Amino acid sequence: MAAASPQAAMKILIVEDEAKTGDYLKQGLSESGFVVDLARDGVDGLHLALSETYDLAVLDVMLPRLDGWQLLEAMRKAGKDMPVLFLTARDQVSDRVKGLELGADDYLVKPFAFAELLARARTLLRRGKVKEAELLRVADLELDRLRRRVSRGGRRIDLTAKEFALLELLMRRQGEVLPRSLIASQVWDMNFDSDTNVIEVAVRRLRAKVDDDFEPKLIRTVRGMGYVLEVAEPE
Ligand code: CA
């Protein structure tokens, strides 16, 4: 018998109350080789999300009993950090921003082509795998998630727990501008309206440790938007 065992199939949770769309997605994703669970409302979706382990969740926004936002919030609070793709009929920037602030990873406006959804899902699943990597690296900055160590240019850097969490988030989402509200909710578990000065102070301290004595500078403030960690393009 061949020794090579096939890789375990990726598991996807779909929460969609429109029967036709839900069935169509379930069938399409199953045929594409994924293991798919389908919930028809937010409460059932949350139950599945918390009792099973999924590699990706595809959530409709308007759902009975618990809407997509509430479902996402409850999942994140429970420590479920799989990538989340939102489906919504409302093509509104405010929806998109709200979803991303709550920790959604991508957003698709209905109606969409299945091929588009499949492409987005695959991208998120790849990113999800990278997310689990123990070692995050940007330029000569390294963060070891398992041993909870950070070094730059081989020099050990001591961080507080919050600074570590902040740096981990910035490195995980490298190149993405992260709004203060997202940082607040993911690192401090606070709301957007809370005192965001906390974040500025923490970012300043983190920069002093990670960037001040080194080149290139990696953490950048994007005025009016948030923070990004990236190797800047030469001007
Ligand atoms: Ca719906």
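Everything numeric here is computed off the predicted structure, so don't read it as measured data. Atoms within a ligand are numbered from 1 in the order they appear, just like the ligands themselves. All values below come from the heavy atoms of this structure, side chains included, with hydrogens, waters and symmetry mates left out.
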Item to check | Whether Glu16 has an N, O or S atom under 3.0 Å from the Ca ion (ligand 1) | outcome: no
Checklist entry - Does Glu18 bring an N, O or S atom to under 3.0 Å of the Ca ion (ligand 1)? => result no
Checklist entry - Any ion pair linking Asp23 and Arg40 (charged N to carboxylate O, less than 4.0 Å)? => result yes
Item to check | Minimum-distance N/O/S atom that Asp60 presents toward the Ca ion (ligand 1) | outcome: OD2
Item to check | From Val36, Asp37, Thr53, residue fulfilling side chain to side chain contact (heavy atoms under 4.5 Å, CB included) relative to Lys11 | outcome: Asp37
Checklist entry - Any Lys/Arg nitrogen of Arg152 or Asp213 sitting under 4.0 Å from an Asp/Glu carboxylate oxygen of the other? => result no
Checklist outcome for this item: Rounded to 10°, the OD1/Asp17 to the Ca ion (ligand 1) to O/Met62 angle comes out at 90°
Checklist entry - Does the distance from a Lys or Arg side-chain N to an Asp or Glu carboxylate O, for Glu200 and Arg204, drop under 4.0 Å? => result no
